[in-house]
Amino acid sequence: MRKIIFIFFILVAVVIAKGQETFDSFDKYGPPGIVYTSLKDALKEVNIAYKVKIENQLFEPKTLPKLGTLIQVQALRLANNEIKQLPAEFKNLTNLLYFSSIGNELTSLPKDFGNLEQLTELQLQNTRLDSLPTEIAYLGRLKTLEIQNNSSAKFYFPNSIGYLSNLTALTVFGTAMDTLPTSFGEFKKLKELTLVMCGLNKIPATLSKINTLEQLVLDNNQLKELPVDIYKLKKLKHLSLKSNKITSIHDSVCLLKSLETLDLRGNSFKKYDIDILQVLLPKCRILY
C-alpha cells in the first residue's frame with residue numbers, strides 16, 4: 001500500500017512539473033472563453049474578442065491598421081507575421097493587459113505605446129529595437145517586461161525606464177547592451193532582474209539601489225567584478241554569475257544575509273577563494 005501511495009505522489013509531481021513547463025502567461029489574461037486565431041474572425045465579433053492569438057499569418061498592409069479596432073482585447077499575441085512596425089492605431093487598444101510579439105523584426109514601438117495604461121505584461125522576442133520609446137514610463141501598471149534575442153547592434157533603455165513603479169520582473173536575454181541607465185536604481189518593486197547574454201562588462205553601482213531585488217541573474221556576460229555596494233541588496237536571495245570573467249568577489253558580499261544561492265560556475269575561481277566565500281556566507285549554497 002505504501003508503495004502505491006509513493007508512486008501516486010511521484011506521478012502527481014510529474015504532472016505538476018509538466019504543467020509548469022507548458023504554462024503560457026497569455027492564458028492568465030482576459031476572461032475564459034474563445035481565443036481568436038485570425039484577425040478576420042476577431043473583427044467579426046470585435047465587442048467580445050478579449051483574447052487574440054495570431055500566429056504564422058501575414059498581414060496585408062491595408063488590414064494591419066485594423067488591429068486598432070479590437071478595442072476590447074485584453075490578451076494579444078502576434079507571432080511570425082513579418083511585421084516590422086506596429087500601426088499607429090495600436091494606441092486604441094486601451095484595455096490591453098498582455099501583449100507579446102514573437103518572431104517579428106520590430107524596429108521600434110510607436111511613441112503612443114504609452115497610451116496602453118492597463119498593460120501589465122510585455123514580451124518582445126526576435127526584434128530589432130535600438131531602444132524603447134521614452135513614453136514607456138506611462139505604462140504605470142506594467143509588472144513584467146521581457147526582451148529576448150533582439151538583433152540590433154546595440155540596445156539602450158531610455159532613462160525613463162526607472163519610472164515603471166510597479167515593475168516586478170525584468171528580463172533581457174540575447175540582446176547586446178553597453179550599459180544600464182542610472183534610473184535602474186529607481187525601481188520601487190523590482191524583485192527579479194535577469195540580464196543574460198547581453199555583452200555587459202560592467203554593472204553600474206546604481207544597481208545596488210534596488211533594495212527590493214530578490215533574484216539577480218547576470219549569466220554569460222563579460223563581467224570581471226561586481227559593484228562593492230552589492231551588499232546593499234539586503235533582500236537578495238539568488239545571485240547567478242555563471243560564465244563571466246570574475247576571479248574574486250569583494251568581502252562585502254558577507255553582508256547579504258538573505259542570500260541562499262550563489263552560482264559562480266563558468267568563472268575562474270580557485271578552491272581557496274570558494275572556501276573563503278563559504279565561510280563568509282555559511283548559510284548560502286555556492287555553486288562553482
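Hydrogens, waters and symmetry mates are skipped; everything else that's a heavy atom, side chains included, is used.
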- request: Check the surroundings of atom NZ in Lys270: do more than 12 heavy atoms from other residues, nucleotides or ligands lie under 6.0 Å from it?
  value: no
query: What do you reckon, is CE of Met197 surrounded by more than 12 foreign heavy atoms closer than 6.0 Å?
result: no
Connected via hydrophobic side-chain network under 4.5 Å: Ile136 and Leu96: yes
message: Tell me whether the count of non-hydrogen atoms from other residues, nucleotides or ligands lying under 6.0 Å of CD in Glu225 goes above 12.
response: no
query: Transitively linked via ILVMFWY side-chain contacts under 4.5 Å: Leu262 with Leu236?
result: yes
field: Residues forming a ring pair (Phe, Tyr, Trp, His ring centres under 6.0 Å) with Phe59, sequence neighbours excluded
entry: none
message: Can a side-chain donor-acceptor contact be found between Glu117 and Thr94 if the only test is distance below 3.5 angstrom?
response: no
task: Using a 4.5 Å cut-off on heavy atoms from C-beta on, say whether the side chain of Gln123 contacts that of Arg77.
output: yes
task: Show your working on side-chain hydrogen bond (donor to acceptor under 3.5 Å, both in side chains) between Thr168 and Glu192 and close with a plain yes or no.
output: CA-CA 6 Å; Thr168 58; Glu192 301 175 11; over 6 Å; no
task: Indicate yes or no: at least one non-hydrogen side-chain atom of Asp130 is less than 4.5 angstrom from one of Tyr156.
output: no
field: Over 12 foreign heavy atoms within 6.0 Å of NZ, Lys91
entry: no
query: Any sub-3.5 Å donor-acceptor pair from Asn221's side-chain atoms to Cys198's backbone N or O?
result: yes
- request: Please check if atom NZ in Lys154 has more than 12 non-hydrogen atoms from other residues, nucleotides or ligands closer than 6.0 Å.
  value: yes
task: Look at the side-chain heavy atoms of Ile, Leu, Val, Met, Phe, Trp and Tyr, link any pair under 4.5 Å apart, and say whether Phe113 and Ile102 land in one connected group.
output: no
- request: Verify the cluster assignment for Leu216 and Met177: are they in a single hydrophobic cluster under the rule of side-chain heavy atoms below 4.5 Å apart?
  value: yes
- prompt: Are Leu139 and Leu106 connected in the hydrophobic side-chain network, where two residues link if heavy atoms are under 4.5 Å apart?
  reply: yes
query: In Å, rounded to the nearest 0.5 Å, how long is the span from CG of Leu116 to CG of Asn92?
result: 9.5 Å
Close side-chain approach of Ile286 and Phe269, heavy atoms under 4.5 Å: no
field: Minimum side-chain heavy-atom gap Leu78-Leu67 below 4.5 Å
entry: yes
- prompt: Is the closest side-chain heavy-atom distance between Phe173 and Asn149 below 4.5 Å?
  reply: yes
- prompt: Taking everything shown except Lys111 itself, do over 12 heavy atoms lie less than 6.0 Å from its NZ?
  reply: no
query: Asn166 versus Leu142: any side-chain heavy-atom pair under 4.5 Å?
result: no
query: Within a strict 4.5 Å, meaning less than it, do heavy atoms of the Leu170 and Phe184 side chains meet?
result: yes
message: Quick one, Asn244 with Asn267, criterion side-chain hydrogen bond (donor to acceptor under 3.5 Å, both in side chains). Give me CA distance, side-chain angles, the key distance, then yes/no.
response: CA-CA 6 Å; Asn244 277 284; Asn267 289 281; 4.9 Å; no
- prompt: Under the side chain to side chain contact (heavy atoms under 4.5 Å, CB included) criterion, do Ile249 and Leu280 qualify, and how do the steps go?
  reply: CA-CA 11 Å; Ile249 294 181; Leu280 294 174; over 6 Å; no
message: Around atom OH of Tyr163, are there more than 12 heavy atoms from other residues, nucleotides or ligands closer than 6.0 Å?
response: no
- request: Go through the structure and list residues passing ring pair (Phe, Tyr, Trp, His ring centres under 6.0 Å) with Tyr29, not counting sequence neighbours.
  value: Tyr98
message: Is there a side-chain contact between Asn95 and Tyr50 in this structure, where contact means two heavy atoms from C-beta onward sitting under 4.5 Å apart?
response: no
